[in-house]
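Since the structure comes first, as structure tokens, the remarks are kept for the end.
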Amino acid sequence: MQGLAEIQSAILENINPRFSSTVFDLWFKDLILSSLDESKAVFTIASDFKRNIIDKQHKGVIADATKEIVGFAVEVEILSSQGEGGPHA
């Protein structure tokens, strides 16, 4: 079984060609796959600002890439490590 780091790397490699290097580096490069189970993938990013943009603009791309890598659809949740109090910090 692959670890989270390998799955995260594969997901990001799947996303990378869909965007310019500037867009990828700005929004996706620092995403960390924090947890994964049969129904949910939780990603963490360093700032609330990036979390909000990714959650509103790019969550579908992350969900599609995750499904392609793990082989089944999961709910994607984006958290910020900047704030406390969950996904809407």
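A quick note: this is a predicted structure, and the numbers were derived from the prediction, not measured.
A distance of 12.0 Å separates CD1 in I69 from CD in Q8, rounded to the nearest 0.5 Å. A distance of 11.0 Å separates CG in L33 from CD in E6, rounded to the nearest 0.5 Å. Rounded to the nearest 0.5 Å, atoms CG (L36) and CD1 (I11) are 7.0 Å apart.
A46 and S80 get closest at one heavy-atom pair: O-OG, 4.0 Å. The two atoms that bring A63 and V76 nearest to each other are CA-CG2, 3.6 Å, heavy atoms only. Closest approach of W27 to L31, counting heavy atoms only: O-CG, 4.3 Å.
Listed by chain and number, the residues in a side chain to side chain donor-acceptor pair (under 3.5 Å) with S39 are D37 (sequence neighbours excluded). Listed by chain and residue number, nothing satisfies the side chain to side chain donor-acceptor pair (under 3.5 Å) test with S35 (two or more places apart in sequence, or in another chain). Partners of S47 according to the side chain to side chain donor-acceptor pair (under 3.5 Å) rule, which considers only residues two or more places apart in sequence or in another chain, do not exist here.
Judged as a salt bridge (Lys or Arg N to Asp or Glu O under 4.0 Å), the pairs with a partner in residues 61-75 (not counting sequence neighbours) are, in order, R18-E68. Within the structure, every pair that satisfies the salt bridge (Lys or Arg N to Asp or Glu O under 4.0 Å) test and touches residues 21-31, not counting sequence neighbours, is listed here: D30-K50.
Between Q57 and I53 there is a side-chain heavy-atom pair separated by less than 4.5 Å. Between F24 and I15, the closest side-chain pair of non-hydrogen atoms falls below 4.5 Å.
With hydrophobic clusters built from ILVMFWY side chains whose heavy atoms lie under 4.5 angstrom apart, I32 does not share a cluster with I54.
A donor-acceptor contact shorter than 3.5 Å links the side chain of N52 to the backbone of D48. Put simply, the side chain of S9 never gets that close to the backbone of A5: no donor and acceptor are under 3.5 Å apart.
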Verdict with supporting geometry, F43 and I62, side-chain contact (heavy atoms from CB on, under 4.5 Å): CA-CA 9 Å; F43 291 85; I62 296 167; 3.5 Å; yes

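Looking at S34 and T44, their side chains do bring a donor and an acceptor atom within 3.5 Å of each other.
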